[in-house]
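Right, one structure below, let's go through it.
Values below: all heavy atoms of this structure, side chains included; hydrogens, waters and symmetry mates excluded.
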Amino acid sequence: MQSFLVLFLLIAGHTTLETARDALFLTKLPPSQLNLVYIALAGLSFFVAAGSTKLALKFGRRNSLIATLCLAAFATTLLHAMTPTPRVVMALYVFSGLVGAVLSPQFWLLAAQMFTSAQGRRLFGPIASGGVVGGVAGAGTAAILLARFPVTSLLLVAAFAFVATALLLTTLVLPGDEALTAKIDLSERPTVPPPKPTLALKQQPFVWRVALLVGLSTAAVLTVDYLFKSTAAHKIAPERLGEFFARYYAVMNGVSLVVQLLLAGRIVRRLGVAGATGVMPMLLLLGSVATFATGGGLLPVLAMRLVDGGLRHSLNRVATELLYLPMPTTVRERAKGLIDTVLARSVQAVTAAMLFGLGMAHLLSPQFIAGIILVLCVSWTVVAFGLRAPYLDLFRRALATGKLQVGDDVTELDMNAVEALVEAMASPDPVQVVAAMDVLEQRERGKLIPALILYHDNELVLIRALEIFGSSPRNDWVPLGERLLSSPRESVRVAAVRALAKHGVESALTRAMEDHSTTVQAYAAFYLALRSDEAELSEHPLLRVMVQAPGPFGDASRRVLLRAIADAAVPRGASLVLAIAHSRQLDRSDETITLLAKAMEALKDPRFIPFCIRRLGLRPGRDAIRQALIAMEAPAFDALEAALVDTTTERRVRTHSPRTIADFGTQRAADFLMLRLDDERDGLVRYKLLRALGHLVAAVDVKIDRSRIDQHARRNLVEHLRLTAQRVALENSRQEGKDPTPGEEVLLGLLRDKQSQALERAFRLLKIAHKREDIHRVHIAALSSDKRIRSNAGEFLDTLLSEGGRRELRELFRLVVDDLAPTERVQRAAAYLGTVPRDRDQALAALIEDRDEAVATLASYYALSLGADNLRASVERARKDRPSLNTLIERFFGTGPVPLAGTA
Amino acid sequence: MTEAEASSRLMREIFLAGFMSGLPAENVKWAAARLAQNMTDVRLHPGEVLYRQGELADAHYFVVSGEIRLESEGLPPWKLAERSLVGTLDITLERPRARTAVAARETFLLRMPAGDWLDMLEDNFELMSRGVQGLADGVHRLMLELGDFPAFHDLSTGKTPHPAPSGPLGFVDRMLILRGVRVFASGEVQALTNLAELATEVSFETGEELVERGQHSEHMFVVVTGEVTATRAESAPAELFGPGTLVFGSTAASSKDLGYEAHAAAPTRTLRIAREDYYDVMEEHFALARSAMKALAAERELLVNEKERRARDAALI
């Protein structure tokens with residue numbers, strides 16, 4: 001309110017001053033002299049702006065504004081005392097321009113310091129309307145006074161308004177400047193020390209765009225102003241100019257007030273900040289076309305000035321001020337000072353000089369001026385509508401400190417990478433060596449691993465190298481591999497036998513059969529069995545014994561067999577794998593199930609699919625089971641689809657199916673997950689579907705119907721708000737200072753969890769729609785206790801969702817993220833929620849009927865514990881209508897009476 | 001992707017594979033590739049700030065080379081060298097940065113967005129459970145290292161323990177008792193519902209044994225009424241666990257035998273939870289895992305602060 005009044009008085013005073021200035025100037029001097037004044041004004045602005053900045057830095061923004069107002073009041077009173085000669089009038093014009101150039105930016109910088117961008121979005125409109133009302137009041141007062149008093153009397157009124165504004169400012173309470181600056185810096189990129197201000201400006205492309213916008217708008221409105229004043233001087237009698245300006249300004253400010261109160265907020269909400277900055281130039285563009293077409297007719301000129309006066313201090317001011325808010329504090333302070341004063345005045349000077357030059361050349365016909373306005377407004381419009389992307393980027397940079405490289409894949413190695421990898425293989429750290437070999441193998445560059453690595457003394461390195469060599473077609477390592485058959489370490493000998501057997505080195509198998517280790521022998525036994533006549537290896541007597549053998553020996557033998565099967569990858573091994581999978585002796589450890597899954601992956605027999613799907617519900621070896629299913633391709637995909645659609649499938653299997661489907665990484669997988677997301681009724685499975693879809697979209701380039709994603713996001717946001725409403729109703733009904741009863745505490749906890757889940761899902765959906773954005777960070781920021789960080793998140797979302805057709809989603813996100821009291825949030829959300837519970841009983845009655853059974857159960861418990869008849873009746877009705885709810889209540893709370901509140 | 005970017009990504013994968021070398025190969029391959037995809041390089045000169053106290057904790061950093069100093073006024077600085085993870089405590093504790101991170105020398109780090117990290121843990125239970133176990137074991141190691149420092153700290157939720165009724169515990173009582181235990185406190189109500197269902201109420205007479213030394217206990221015990229003492233060695237002072245606490249504190253999440261024995265010091269009622277059930281519920285409800293990590297991280301922070309304080313004091317002497 002104080003900010004509103006300050007701006008009201010400030011603009012009232014300045015409008016009165018401007019009315020007197022314009023009337024006196026055009027009475028005493030020809031319009032062409034306006035250009036000289038503009039140039040002088042621009043030159044002096046540099047010094048005044050610099051002085052203003054120094055003042056602000058030394059004494060603070062509020063104090064500098066108070067000082068400027070006092071100075072303005074003194075100078076205005078002094079000018080009133082002087083005879084209005086042409087020189088004095090010119091001085092008055094320049095002085096009034098300087099006052100306008102300094103006071104308004106000073107005020108808005110003060111406002112930007114006081115409010116976050118979310119608060120700014122909410123409050124700048126009403127505050128700016130103070131300025132518009134002030135304009136109406138100032139012009140109206142001038143019109144009334146001029147009926148009885150001379151024009152110069154307006155100067156005293158202006159001086160009085162400035163003094164009153166200064167007095168009011170002294171009562172304004174501000175947050176500490178230092179603390180505020182520190183807070184704002186929290187959201188900025190931390191990895192580099194703060195740059196010097198000038199450097200920071202150079203590195204801010206957005207600032208340059210805003211500067212261009214302001215420059216073009218300044219040139220355009222100055223030309224409009226010149227056209228307006230020169231037309232008025234030609235068409236209105238000098239003695240009526242004062243009255244004309246006063247009345248016209250009153251009408252203009254009235255229009256501005258209407259725009260401010262009724263339209264500005266809606267336009268900003270509908271078009272977004274960037275879009276709103278494009279409205280004024282588009283209207284002026286139309287005006288300039290009409291002026292051009294009518295050869296400088298009075299009406300289009302008045303209309304253009306009306307657009308200028310009506311929108312410049314309302315819609316355009318609000319939108320432009322909002323553009324500054326996401327800038328880092330240091331950049332904003334400096335940029336705004338430079339743009340609003342130095343740049344604007346320089347542009348004024350250049351424009352004025354150009355108009356002056358054109359006037360001297362007798363080229364300044366109204367049509368020609370209209371043409372200039374047209375060109376300027378076209379450029380202005382283009383720049384305004386081009387602001388969306390950099391504006392979004394600014395928030396992106398404020399919110400995200402690192403770039404993402406999602407979706408890219410590395411298939412080729414450049415020489416630098418190869419060199420680095422070979423260097424890593426020479427590392428004394430075996431872990432690094434293994435990692436380097438893995439990377440080379442994954443990139444199909446295993447041949448770069450030297451055979452000499454088999455001289456390495458580390459067990460891990462040797463085993464991994466033998467695995468890689470065994471799977472490769474190269475033979476240069478074989479002699480060195482044979483040497484390892486005599487290694488003292490059993491694991492190395494097994495690895496050597498495996499690798500050599502894969503390459504058909506018979507001598508290795510012969511030596512392995514003589515090895516003292518039963519594990520090594522078992523491996524060799526499998527390869528020997530491969531030479532037998534049995535159609536199915538499960539029928540081989542020795543292998544059958546190994547499959548059925550009990551105890552640790554059996555476990556070890558089966559693991560060796562599974563490794564050997566995976567290595568050999570012969571279809572005859574499938575029956576052996578199935579026999580092992582169904583053996584009662586099978587130990588279901590992670591290691592064994594992983595080996596089983598790897599054997600299945602190697603053989604790709606569709607008979608494995610039912611086993612794999614069942615195993616998805618169990619932890620051990622699940623990742624390998626997933627890989628096996630993926631290897632089995634379409635038949636496995638079909639079976640997974642069927643398992644997920646079938647609600648009788650074990651829930652644990654259903655919850656792990658979406659991720660498995662996503663790992664197929666195909667468009668079909670994306671389409672199916674999307675379809676299930678629409679239809680799935682189990683909340684946990686739906687959540688898993690959402691996550692799976694998120695990972696698939698992030699990893700693979702698939703097409704997703706964004707409107708459907710938006711619908712889901714909308715649903716989750718509404719759910720979040722619905723739960724907020726229920727919680728607020730419950731909490732507000734509790735007596736102040738009284739602790740919640742156990743039943744209430746648990747129910748409130750559940751509602752809070754559900755709220756967080758719904759919000760998290762909405763953000764996950766947003767991530768699916770915008771996979772290159774770091775939405776998780778926006779989510780964290782939206783939950784931050786720091787208002788400014790939260791506000792940045794809100795602004796980012798607002799801009800991200802400002803494209804057509806997403807207005808509702810944008811509004812919902814704003815409702816959730818904006819800094820509002822819970823009760824106010826619920827009130828604002830009413831339009832989306834239908835019925836909003838007003839008190840505890842209404843909330844409980846609704847929660848007892850909730851489709852979520854956990855919520856309904858705990859709400860029923862709490863309702864019964866309160867002992868109220870109406871609630872008891874609601875619970876009984878719900879138990880009767882929903883047998884599943886009745887079962888849950890009995891499962892959790894038994895069949896006995898539920899204890900009353902406070903006695904549990 | 002440019003060649004240079006491809007090279008850095010490969011190097012990140014190698015580093016990560018090394019970093020996670022204790023994990024099963026399948027997990028490492030999957031996790032390293034996934035993490036490397038979203039990582040970015042950060043290079044700092046000595047004295048440069050990585051992040052400041054109070055900032056949003058949105059990422060953690062793997063120290064590839066160099067050293068990072070974590071500073072906060074009034075607290076001993078922490079030094080984290082190669083193969084350390086910087087900033088994870090803040091992410092785990094879901095709070096703004098508690099310290100300012102400054103490069104002590106030329107330092108190369110890999111930045112990992114918090115969201116990707118958490119998603120990866122949620123998607124891979126093996127990694128997540130190993131993470132919880134690793135944290136629990138690390139906390140326990142620190143406890144032993146500090147010796148006389150109170151081993152199982154009162155890192156309660158700050159709430160008065162839920163008063164237990166004299167008769168059998170109702171379902172809501174169980175939930176509220178579990179909610180008062182820090183390891184479970186920020187697990188969602190739905191997770192606690194499952195856990196409360198799986199918990200069994202077990203009573204012990206004075207002197208009766210809950211956990212036998214040298215025998216890995218498959219259960220976790222929450223004290224409802226009474227008191228439990230735990231000793232690690234004959235000479236070590238007994239640790240006491242009263243109503244509303246988990247015997248062995250957050251380290252109870254570890255599946256390892258920590259070498260303690262525990263007895264009822266008075267007639268004691270407990271809620272007994274099979275560790276396997278706990279991990280089963282955790283698999284379904286990631287919030288329960290995060291709650292355990294949060295409790296362990298808070299305890300770890302306390303212990304590391306104490307350790308650094310002692311080191312500083314020793315250096316002054």
Most contacts with chain B, counted as non-hydrogen pairs under 4.5 angstrom, among A/E591, A/K754, A/H779: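 Of the candidates given, the most pairs with chain B belong to A/K754.
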Open item on the list: Below 4.5 Å, heavy-atom pairs only: which of A/R622, A/R619, A/K688, A/R652 has the largest tally toward chain B?
Closed with: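 Of the options given, most contacts go to A/R619.
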To the nearest 0.5 Å, tell me how far A/E745 CD sits from B/R179 CZ.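 Reported value, rounded in 0.5 Å steps: 6.0 Å.
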Enter the distance from B/I91:CD1 to A/I780:CD1 here, rounded to the nearest 0.5 Å.
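If I round to the nearest 0.5 Å, the distance is 7.0 Å.
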Enumerate donor-acceptor pairs with a distance under 3.5 Å from any side-chain N or O in residues 98-106 of chain B to protein atoms, sequence neighbours excluded.
| unit_1 | atom_1 | unit_2 | atom_2 | d |
| --- | --- | --- | --- | --- |
| B/R99 | NH1 | B/L70 | O | 3.0 |
| B/R99 | NH1 | B/P76 | O | 2.9 |
| B/R99 | NH2 | B/P76 | O | 3.2 |
| B/R99 | NH2 | B/N305 | OD1 | 2.6 |
| B/T100 | OG1 | B/Q53 | N | 3.0 |
| B/R105 | NH2 | B/G66 | O | 3.4 |
| B/E106 | OE1 | B/H45 | ND1 | 3.2 |
| B/E106 | OE2 | B/H45 | ND1 | 3.1 |

Between A/R659 and B/E122, does any NZ, NE, NH1 or NH2 come within less than 4.0 Å of an OD or OE carboxylate oxygen?
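A salt bridge is absent here (no side-chain N lies under 4.0 Å from a carboxylate O).
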Under a 4.5 Å heavy-atom cut-off, does chain A meet the side chain of B/Q190, its backbone, both or neither?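 Both backbone and side chain.
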Is it the backbone or the side chain of B/A287 that comes under 4.5 Å from a heavy atom of chain A, or both, or neither?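 Contact with chain A: none, neither part.
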Point to revise | Interface moiety of A/L858 toward chain B, non-hydrogen atoms closer than 4.5 Å | key: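 Contact with chain B involves the side chain of A/L858 alone.
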Q) Side chain, backbone, both or neither: which part of A/L750 has an atom under 4.5 Å from a heavy atom of chain B? A)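 Answer is both: backbone and side chain atoms of A/L750 are under 4.5 Å from chain B.
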> Which residue out of B/M175, B/E284, B/H285 racks up the most heavy-atom pairs below 4.5 Å with chain A?
Replying inline: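 Top count of heavy-atom pairs under 4.5 Å with chain A: B/E284.
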Which residue is it: B/T193, B/V172, B/L192? I am looking for the one with a side-chain contact (heavy atoms from CB on, under 4.5 Å) to A/V746.
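One option only clears the test, and that one is B/V172.
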Do A/R691 side-chain atoms and B/D119 backbone N/O form a donor-acceptor pair below 3.5 Å?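 Side chain of A/R691 to backbone of B/D119: a pair is present.
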- For A/S784 and B/L56, which heavy atoms make the closest approach, and how far apart are they?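 That would be CB-CD1, 4.0 Å.
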